[in-house]
Amino acid sequence: MVRDDIKLSIEQAMAAAQAGGALPDIEWPAVEVLRPKQTGHGDYSTNVAMVASAAARKAGGNVNPRAIAQAIADHLPADGPIGSVEIAGPGFINIFLADEWLRRQVPKIVEAGSSFGNIDQGRGQHWQVEYVSANPTGPLHYGGARNAAIGDALANVLEAAGYTVQREFYVNDAGNQFNIFAATLYARYAQLLGRDEPIPEDGYAGDYMIDYAQGLVDEYGDRFLTMEKSAAITELKVLGEEIVLAALQAQLAKLGVHFDRWFREQSLYDSGLVDMVLEKLRVQGDLAERDGAIWFLASNYPKVEKDEVVIRTNGMPTYFASDIAYHYEKFAVRGFDRVINVWGVDHQGHVPRMAAVMTALGLDPGRLTIVLHGLVKLIRDGKEVKLSKRRGTIITIGEVVDEVGADATRFYLLSRGPESPIEFDMNLAVAESASNPVFYAQYSHARICSIAVMAPTKKVTPDFDNVALELLTDPAELTLIRKLLELEEQIETAVEKLSPHNLTFYSLELARSYNAFYRDCKVLDADAPALSNARMYLCEAARIGLAKTLALLGVSAPDSMYAEVEL
RNA sequence: GCCCCUGUAGCUCAGAGGAUAGAGCAUCGGCCUCCGGAGCCGAGUGCACAGGUUCGAGUCCUGUCAGGGGCGCCA
């Protein structure tokens, strides 16, 4: 990565300056290289001279930060990425990338193709991203779409950073909610067959339950009315789960989200893992009986105030019991190096308890990270739409995707930090979907593809084996290359912050750089074949960068935008 | 009451202690002898409030105010 190379050069320059006596022999601060906001301040800049000056003052010396900066600058290598260096302001060292070096990066981008931007950070470590994990009791509502978009993009970005990633959906099919779901399904099924069977209290009133039941009627007729009600519900649990998981899968596919594994909570009971892990905790003294229930003594651990019930008075385990076993399974059985759980903030109270669970299981809590995201407040016709699966007042992902489009939806949901709450006005979203910024990035990609198609009619024949890179001298060309080279840093940032939304902004910046290039530099010119060839080569690099960025976000990179209009 | 998150342009939101705080939408004004005008160029308005730390604060700390969430033998 360029930034790391520059950082290393600065460190070496500092050491060389010290060895040569140009700088005092003191303990140096860590070098930080950052990108200045002002373009006039270079591609990269470091404040190390200012920090070093303060350190020197503390050590009894008194060295002007600008003098330190100059001494460092004098020892920077002349070849490589660093073109020129300026000392500015109170002691900033501003570094400008060399044009010649920039041009040499274009072939590297084209040769890397879809792996362009990838960084070797994960070194094959096995990470898991668990996301969505909505209750399997009905269609996904809009809030689930945000979770899906974040989790999916996060997994993409981690893969680009060299991690081996598993995408997992945890299916809560063992709890009370799922029992109620099955009972509701039974009632709807019976009603469809003419029996007066009321929906259970706290049942799921949404019409989609009728659709699910209709599917059962179509396939099985009245079979489940001919048996004992409880036996019927037991069978409907299995069939209902299949139906609802298929529905979830279809909805998520609409958003372009796919999972490697659907992990069933019930399997933790079937395998005996829940009992095993609870026994382990009991032996360790992490469990206690109180008021007839079994509690996990979470308050013995840091930052946790309350204990948590694992076995209810009625002998039924809580979701928390299986959650403990589930996380034990992730680390101790499957051996993930790290696990990222994507949750809505409404689960925030659960976070410190999970750290306590990890510690109690003898696992490093640092291996489990919870990414919390703000909830989505849906506005329709000027009023907030309260989401409730029970009452059936939900707007599903499918509805949103149908109205707004998958690309626009994902892009919108990823255009802000996870912790930021989102107010989503459906009417506005539909009205604005045509001018959604996602199309700006996609349009640039389509434009590049269009140029390649147009080339023969302009009598330009690309020859990417013989590219005269030295002809790429226009400021717009060099700016575009600079912007492309940022991708690695953008991926690094997204991984570090576990938040991929910076990539949405990057895709727009890259598109903007391309459009500026397109404006200033005529690509197809039969009178200048060598220049046309070099520019087509640069176009291909830009196309690769745009396609890669959009792919990380889970957004398509179309060859043409015309099809969109015809819809 | 206690805990967490959020407060940046008219609106929706970016902003890794650094130099003159950005984008989209909206508004206003320009640009089609052009490889795709879903484009380009330009204009206006902003860090909730009050202290503090620092050479330097939108960013860190404390307090106030406002909005959201959590504090279940629900998940």
Side-chain angles (χ1 to χ4, degrees), chain A residues 32 34-38 40-41 45-47 50-51 53-54 65 88-92 94 133-135 137 172 175-178 202 290-295 303 305-306 308-314 316-320 323 343-352 372-375 377 412 415-425 428-429 431-432 434-440 442-444 446-455 457-458 460 489 492-493 496-497 501-502 504-505 508-509 511-512 515-516 518-525 532 535-536 539 560-562 564-565:
Chain A
E32 279 184 55
L34 50 94
R35 287 184 172 275
K37 288 174 187 167
Q38 303 291 316
H41 293 151
S45 112
T46 179
N47 64 351
M50 284 137 71
V51 183
S53 171
F92 289 103
N94 294 336
S133 296
N135 270 343
T137 54
N172 294 104
N176 196 38
Q177 294 301 324
F178 195 65
D202 297 328
R290 196 187 307 154
D291 306 328
I294 311 286
W295 299 68
K303 291 184 182 173
E305 289 167 11
K306 292 185 176 179
E308 192 72 12
V309 170
V310 285
I311 307 286
R312 300 183 178 91
T313 314
N314 65 9
M316 296 293 290
T318 63
Y319 85 100
F320 189 58
D323 230 26
W343 291 352
V345 283
D346 51 332
H347 291 71
Q348 61 178 269
H350 195 36
V351 175
L372 291 176
H373 65 82
L375 302 179
K377 186 196 257 188
Y412 182 82
S415 65
R416 55 214 71 198
E419 67 284 353
S420 159
I422 289 185
E423 201 163 287
F424 190 84
D425 188 319
L428 213 62
E432 285 182 359
S435 55
N436 191 297
V438 72
F439 298 127
Y440 183 83
Q442 290 181 321
Y443 175 74
S444 293
R447 199 178 225 182
I448 296 171
C449 295
S450 171
I451 288 175
V453 170
M454 190 64 74
T457 71
K458 296 283 179 178
V460 173
E489 288 169 36
E492 187 187 57
T493 298
E496 198 168 309
K497 296 165 88 174
H501 72 286
N502 56 309
T504 61
F505 293 89
L508 298 177
E509 288 170 17
R512 189 185 319 286
N515 285 330
Y518 179 86
R519 177 191 73 235
D520 294 344
C521 303
K522 175 104 174 158
V523 178
L524 302 176
D525 183 355
S532 292
R535 284 181 171 166
M536 282 191 74
C539 282
S560 165
M561 299 297 282
Y562 292 131
E564 301 279 341
V565 172

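Proteins get letters first, then strands, A, B, ... in listed order; numbering begins at 1 in each.
- A:Ser420 has a side-chain polar atom (N or O) that falls below the 4.0 Å cut-off from OP1 or OP2 of B:A14.
- Atom CD in A:Glu509 sits about 8 Å away from atom C1' in B:A23, given to the nearest Å.
- Using a 4.5 Å cut-off on side-chain heavy atoms (C-beta onward), A:Thr504 and A:Arg416 make no contact.
- Within the nucleic acid shown, A:Ile422 comes within 4.0 Å of sugar-phosphate atoms alone, with no base atom in reach, counting heavy atoms only.
- Comparing B:G68 with B:G10, their P atoms are spaced 22 Å from each other, to the whole Å.
- Scanning for side-chain contact (heavy atoms from CB on, under 4.5 Å) contacts around A:Asp346 gives A:Leu375, with sequence neighbours left out.
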In dot-bracket form, how is RNA chain B paired, counting a Watson-Crick or G-U wobble pair only if both its distances are under 3.5 Å and using | for bases paired to another strand? (((((((..((((....[...)))).(((((.......)))))....(((((..]....))))))))))))....
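- Looking at the side chain of A:Ile451, the nearest of the listed nucleotides B:C35, B:A23, B:C41 is B:C35.
- A:Tyr412 pairs by the ring pair (Phe, Tyr, Trp, His ring centres under 6.0 Å) definition with A:Phe424, not counting sequence neighbours.
- When the C1' atom of B:A23 is taken as reference, atom CZ of A:Arg512 falls 7 Å away, rounded to whole Å.
- Here the side chain of A:Lys306 is nearest to one of B:U20, B:C35, B:G72, namely B:G72.
- Ring orientation note: the planes of A:Phe505 and A:His501 are nearly perpendicular, at an angle over 60° on the 30°/60° scale.
- Residue A:Asn94 places a side-chain atom within donor-acceptor reach of the base of B:A19, judged by atom type and a 3.5 Å distance cut-off alone.
- Atom name C1', nucleotides B:U27 and B:U45: the rounded distance is 11 Å, in whole Å.
- Base contact: A:Asp291 has a heavy atom under 4.0 Å from a base atom.
- Put simply, A:Tyr440 has a side-chain N or O that comes within less than 4.0 Å of OP1 or OP2 on B:C40.
- In this structure, A:His41 has no side chain to side chain donor-acceptor pair (under 3.5 Å) partners at least two apart in sequence or on a different chain.
- Across B:A16 and B:C25, the matching C1' atoms stand 28 Å from one another, rounded to whole Å.
- Per the geometry, CD1 belonging to A:Ile448 stands 12 Å off P belonging to B:G36, to the nearest Å.
- Distances from the side chain of A:Asn135 to the nucleotides B:A14, B:G36, B:A75 place B:A75 closest.
- A:Val523 comes within 4.0 angstrom of a nucleotide base, judged by non-hydrogen atoms across all strands.
- B:G46 and B:A9 have their C1' atoms separated by 5 Å, given to the nearest Å.
- Listed nucleotides: B:C73, B:C71, B:G37. Nearest to the side chain of A:Trp295: B:C73.
- With sequence neighbours left out, the side chain to side chain donor-acceptor pair (under 3.5 Å) criterion links A:Asn94 to no other residue.
- Evaluation of the side chain to side chain donor-acceptor pair (under 3.5 Å) rule for A:Ser133 yields A:Glu130 as partners, not counting sequence neighbours.
- Atoms CD (A:Glu305) and P (B:C3) sit 8 Å apart, rounded to a whole Å.
- The backbone N or O of A:Val523 sits less than 3.5 Å from a side-chain atom of A:Ser532, completing a donor-acceptor pair.
- With both ends at atom C1', the span from B:U64 to B:A21 equals 25 Å, rounded to whole Å.
- Comparing B:A19, B:G69, B:C73 against the side chain of A:Ala88 picks out B:A19 as the nearest.
- Taking atom NE2 of A:His41 as the reference point, atom C1' of B:A21 lies 14 Å away to the nearest angstrom.
- We find that CG of A:Asn515 is positioned 9 Å from P of B:G37, with the value rounded to whole Å.
- For the side chain to side chain donor-acceptor pair (under 3.5 Å) test, residues two or more places apart in sequence or in another chain that qualify with A:Arg290 are A:Asp307.
- Per the stacking criterion (ring centres < 5.5 Å, plane angle < 30°), A:Tyr319 does not stack onto the base of B:C74.
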Could you pull out the protein-nucleic contacts involving nucleotides 43-45 of chain B (nitrogen or oxygen on both sides, under 3.5 Å)?
none

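- Look at the C1' atom in both B:G24 and B:A38: the space between them is 14 Å, to the nearest Å.
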Pull out every protein N or O sitting under 3.5 Å from an N or O of nucleotides 15-18 of chain B, one pair per line with the distance.
unit_1 : atom_1 : unit_2   : atom_2 : d
B:G15  : OP1    : A:His501 : NE2    : 2.8
B:A16  : N6     : A:Thr493 : OG1    : 2.2
B:A16  : N1     : A:Glu496 : OE1    : 3.1
B:A16  : N1     : A:Glu496 : OE2    : 2.9
B:G18  : N7     : A:Asn47  : ND2    : 2.8
B:G18  : O6     : A:Asn47  : ND2    : 3.1

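- Side chain of A:His347, nearest nucleotide from B:A75, B:G69, B:U20: B:A75.
- Judged purely by atom type and a 3.5 angstrom limit, A:Asp291 has no side-chain atom pairing as donor or acceptor with the backbone of A:Ala293.
- Within the nucleic acid shown, A:Ser450 comes within 4.0 Å of at least one base atom, counting heavy atoms only.
- A:Glu489 is linked by a side-chain contact (heavy atoms from CB on, under 4.5 Å) to A:Met1, A:Arg3, A:Arg35, A:Tyr44, counting only residues two or more places apart in sequence or in another chain.
- Spacing of C1' atoms, B:C73 relative to B:G17, comes out at 47 Å, to the nearest Å.
- For A:Arg312 and B:C74, the CZ to P distance is 4 Å, given to the nearest whole Å.
- Comparing B:C13 with B:G56, their C1' atoms sit 27 Å apart, to the nearest whole Å.
- Using a 4.0 Å heavy-atom criterion, one finds that A:Lys522 contacts the bases of the nucleic acid, with or without backbone contacts as well.
- Side-chain proximity of A:Asn172 to the nucleotides B:G39, B:A75, B:G69 is greatest for B:A75.
- Looking at heavy-atom distances under 4.0 Å, A:Ala446 makes contact with a base.
- Of the side-chain N and O atoms in A:Arg447, none sit less than 4.0 angstrom from OP1 or OP2 of B:A38.
- Aromatic ring orientation, A:Tyr319 versus A:His350: tilted (interplanar angle from 30° to 60°).
- Residue-level contact check: A:Tyr412 touches the backbone only, with heavy atoms under 4.0 Å from sugar-phosphate atoms and none from bases.
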Stepwise, does the side-chain contact (heavy atoms from CB on, under 4.5 Å) test hold for A:Asn515 with A:Arg512? CA-CA 5 Å; A:Asn515 285 330; A:Arg512 189 185 319 286; 5.7 Å; no
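- Base contact: A:Cys521 has a heavy atom under 4.0 Å from a base atom.
- The ring pair (Phe, Tyr, Trp, His ring centres under 6.0 Å) test applied to A:Tyr440 returns no partner, not counting sequence neighbours.
- Applying the ring pair (Phe, Tyr, Trp, His ring centres under 6.0 Å) criterion to A:Phe178, with sequence neighbours excluded, gives A:Phe181.
- In this structure, CZ of A:Arg416 is placed 11 Å from C1' of B:C11, rounded to the nearest angstrom.
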